[in-house]
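Inspection log for the structure reproduced underneath, given as structure tokens.
All values reported here derive from a predicted model rather than from experimental measurement. Throughout, a chain's letter reflects where its sequence line sits, starting with A, and its residues are numbered from 1.
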Amino acid sequence: MEKIVLIDGHSILNRAYYGVPDLTNSDGLHTNAVYGFLNIMFKILDEEKPDYFAVAFDLKAPTFRHKMYEQYKGTRKPMQEELRQQVPVIKEMLEAMQVPLMMLEGYEADDLLGTVAKKAEADGLEAVVVSGDRDLLQLATDHIMIRIPKTKKGGTEIEDYHTADVIEKYQVTPIQIIELKALMGDSSDNIPGIPGVGEKTATKLVAEYGCIENAYAHVDEIKPNKARESLRDHYDMAQMSKELATINIHSPFELDMEKARMTDLYTKEAFELCKKLEFKNMLSRFEVSQEEHNHTAESFHMTSDLTQAQEWLEKLKKEQQIGFYLLSDEKQEFCGLAVSGKEETFFFCNQGFLTEQYLTSALEELIETAEQAVTLQLKRQLRFLQLSESAKKKILDGAISAYLLNPLKGEYPYEDLAKDYMKELIPGAAELLGKIKISDLNAEDERLSLLACYQSHTALHSMSVMLERLQGEEMERLFEEMEMPLVYTLAGMEKEGIRADAGILKEYAQKLGEKMQELEQEIYAEAGDTFNINSPKQLGNILFEKLQLPGSKKTKSGYSTAADILENLAPDYPIVQKVLDYRQVAKLKSTYADGLAAFIGEDGRIHGTFHQTVTATGRISSTDPNLQNIPIRTEMGRLFRKVFLPKEGCIFVDADYSQIELRVLAALSGDEALIHAFQNNIDIHTLTASQVFHTPLDQVTPLQRRNAKAVNFGIVYGISAFGLSQDLKISRKEASEYINNYFASYPKIKEFLDQAVVTAKEQGYIATYYHRRRPVPELTSSNFMQRSFGERIAMNSPIQGTAADIIKLAMIRVDQRLHSENLKARLVLQVHDELLVEAPVEEEARVREILHEEMMGVTDFPVEMDIDIQSGSDWYEAH
DNA sequence: ATAATCACG
DNA sequence: ACGTACGTGATTATG
């Protein structure tokens, strides 16, 4: 049997608009709705494989049905501008794909869909109607299926309805959907309905009386008094609603079935439009045009031959600026080298005479010869290279420059750089490789070449644009003098790693395991049931339902069992304390005891990864494992620091900035009181306590100091009375009193924080002392919560970011000193305000001096940076 | 894949 | 009235 698919254009476009996060192409054109529409359309067509296909749209002029409603209600909601501008785009796309658009003056899309679907059914076809609008359910029969897509996170789910499905879900026949809608109304479809009649009552009425007219015939019998009276009072409304809800299946519209016959959607015009809209993962659907899609690849060449390679390398030596990319596989094994000149890119396979040794040396030479060399993700490649200091200075990393230009993206794959800075659409790694692993490919596989060449090509050709932008935004020095040198420091730290004792870890794991079992049994005994304590859902049910504990709070999926809630209950309920203990022990065992052990390499050291392009503020992050969140706040956790040891003959020297963020705040704001306090070594939390609580300095109680410390934290986080009240478990009123007192004592800080918000609103971004930018799009949100979030970001980012800049500069300087003074001591960890150095015992004194000089010497603020230095034979002792 | 929780600064 | 403190990453459970 032949089949026709009909799409409700506006309805699906609307669904897509709200279901797909905002997308724009380089021209600033919003494309999310079009993108979502096409995804839904392709999915449906792939599933249905119809013989005919058309899309219905309303015409702009108000239709009869809407006019009627507008008289009643006065206005209609205007369509959002971002959505409105996408309507002509999707129409253009469909026309390019030769899909007929069904439109008729005076009729809604619903009417055309109904008319065509019924006609198709009568002609012996299967019809599939796709809409987000449940009104359409009235069309369902055994041969007309209504499909309602729901854009969920992670994909599109579609609800399908034939007659039986409608009855099952709504307890009424499809045609009675009209009655149902007329009674209960539908705000999204502008049907008023009967006041006071909701889904329940409407369903009951329809089930009982079949239709509205019959319900009115028996209106005296209707049970709920309210509904009966409302029905009586609103007879005219019921009639109008029914008319509004009824789809006209006899509209004078005829679909030209020949034009609707499915042909190839993937026309040249559609391809061009997709390209313009930058729907690059849709381009793969256009098989015919794939070659054109890859036109840049025409300038790529590969070889495994030594003579050929030598010839190409000679050619490359004449280039002033080169791009390069050392390709490695998942196991970090060398796979080949790509080098780009102005016109062409060459790939050298890891094959025959072209060994890793040969190729890396060749690249080192090329970098020496060139004036500038550009790559992406340099740090990964440094394991293969030995560069002179002069060579290091010539290299730029495009992923890092892209991060500086927009630190909110999180990832900077080459295809994004090509799109954003070169207006080139090229296939990404996922598209090139699919699920294939690089290590499974032959050394001469063309896909390896393409991958490396695209990286190299993009690095080279995007950099000029990015440099210009960086210049314009005054971040050139940040890039070249801070971020690029830091790459080498971080690479050194990763290569060095940090020694960790597997034996001690195993011992802790054992002990923690025993403790866990103990607690587990005790918890089960007190709960009178066994359950999975690690499951917040099960735990919440046990605590707040079975045991009826008070103070439950909501989350999206049940009760909150977060620590701050449980801590309130712990003093009164032993089981809660045990759950908290269990959680702590379980965390320590899984993340640290077992977790860290898995990362100890054959050399007895952990080689984690530091990320330079991840955080929004400019901080470094750490993974595999995260070495920046090793426990310290509880003694049981702190013991893990005894696992981290210096190698034979070495000692740890640990230096951390004291109060770096508050010192930065003092410097940036110029607040005299705060500057004076730091200059005179006054305990900052005690001072704040004395100001906030109007108490003489020498009479501040420990509790007051603790609370003042929370206020200081709050200031750095972008203060809010609510946040502070929550943290200190005090009323919002008290919290805002604290804050007011604080600002009265430090007026320039208030000025500074207010100015940060104003500046961020004006410019769209906020910057650190060293010009690092963070965009704050949240500030334009119409949502109060979002906007407040943006304000806190604007207050916090320059502080956190400037502190991050300072320690980055310190790292570079310390690292350079260690090298230039030919010391064996090496930087091994950075934890945001702390540097850990592994030093031969005889170098300890020198290293302490260097740390002191370089960490303090970064800034010349009116407030000096201060550091604490300690040494020890493990990290526990040294910090 | 996402949410909840918790480790750090 | 709204409903959160800023920045991260790993683990576990669960859809």
Sugar-phosphate, base or nothing in reach of Ile799(A), heavy atoms under 4.0 Å: nothing
Sugar-phosphate, base or nothing in reach of Ala563(A), heavy atoms under 4.0 Å: sugar-phosphate
Pair Phe861(A) + Tyr769(A): ring centers closer than 6.0 Å: yes
Sugar-phosphate only, base, or nothing, as touched by Ser560(A) at under 4.0 Å among non-hydrogen atoms: sugar-phosphate
Distance-only donor-acceptor test (3.5 Å): side chain Arg774(A), base dG7(C): no
Pairwise C1' distance, dA7(B) and dG3(C) [rounded to whole Å]: 26 Å
C1' gap between dC2(C) and dC6(B), integer Å: 28 Å
Touch class at under 4.0 angstrom, heavy-atom based, for Ile632(A) against every strand present: sugar-phosphate
Touch class at under 4.0 angstrom, heavy-atom based, for Asn783(A) against every strand present: nothing
Main-chain N/O of Ala767(A) paired to Arg774(A) side chain as donor or acceptor, under 3.5 Å: no
Atom-to-atom span, CG of Asn629(A) to P of dA7(B) - whole angstrom: 10 Å
Cation-pi geometry met for Arg732(A) and Phe722(A) (6.0 Å, 45°): no
Sugar-phosphate, base or nothing in reach of Ala794(A), heavy atoms under 4.0 Å: nothing
Touch class at under 4.0 angstrom, heavy-atom based, for Arg633(A) against every strand present: base
Test item: Arg663(A) side-chain N/O and Met865(A) main-chain N/O as donor-acceptor pair under 3.5 Å: no
Spacing of Met636(A) atom CE relative to dA7(B) atom C1', expressed in whole Å: 13 Å
Sugar-phosphate only, base, or nothing, as touched by Ser788(A) at under 4.0 Å among non-hydrogen atoms: nothing
Gap between atoms CG and P, on Asn532(A) and dA3(B) respectively (whole Å): 20 Å
Touch class at under 4.0 angstrom, heavy-atom based, for Leu588(A) against every strand present: nothing
Separation of dG9(B) P from Lys808(A) NZ (nearest whole Å): 19 Å
Ring centres under 6.0 angstrom apart (Phe693(A), Tyr738(A)): yes
Sugar-phosphate only, base, or nothing, as touched by Phe713(A) at under 4.0 Å among non-hydrogen atoms: nothing
Aro-ring/base stack Phe722(A)-dT4(C), d under 5.5 Å, angle under 30°: yes
Touch class at under 4.0 angstrom, heavy-atom based, for Ala616(A) against every strand present: sugar-phosphate
Pairing nucleotide - dA1(C), Watson-Crick or G-U, each distance under 3.5 Å: none
Side-chain donor/acceptor contact of Arg792(A) with base of dT4(C) under 3.5 Å: yes
Residue Lys506(A) excluded, over 12 heavy atoms near NZ under 6.0 Å: no
Sugar-phosphate, base or nothing in reach of Gly714(A), heavy atoms under 4.0 Å: base
Sugar-phosphate, base or nothing in reach of Val716(A), heavy atoms under 4.0 Å: nothing
Nucleotide dC8(B), atom C1' - distance to CZ of Arg641(A) in whole Å: 8 Å
Between C1' of dA13(C) and NZ of Lys587(A), the distance in whole Å: 13 Å
Sugar-phosphate only, base, or nothing, as touched by Asn534(A) at under 4.0 Å among non-hydrogen atoms: sugar-phosphate
Distance-minimising heavy-atom pair for Ile606(A) and Pro625(A): CG2-CD, 3.4 Å
Spacing between Gln538(A) atom CD and dT12(C) atom P, to the nearest angstrom: 15 Å
Nucleotide dG9(B), atom P - distance to OH of Tyr717(A) in whole Å: 10 Å
Side-chain-base donor-acceptor pair under 3.5 Å for Ser720(A) and dT4(C): yes
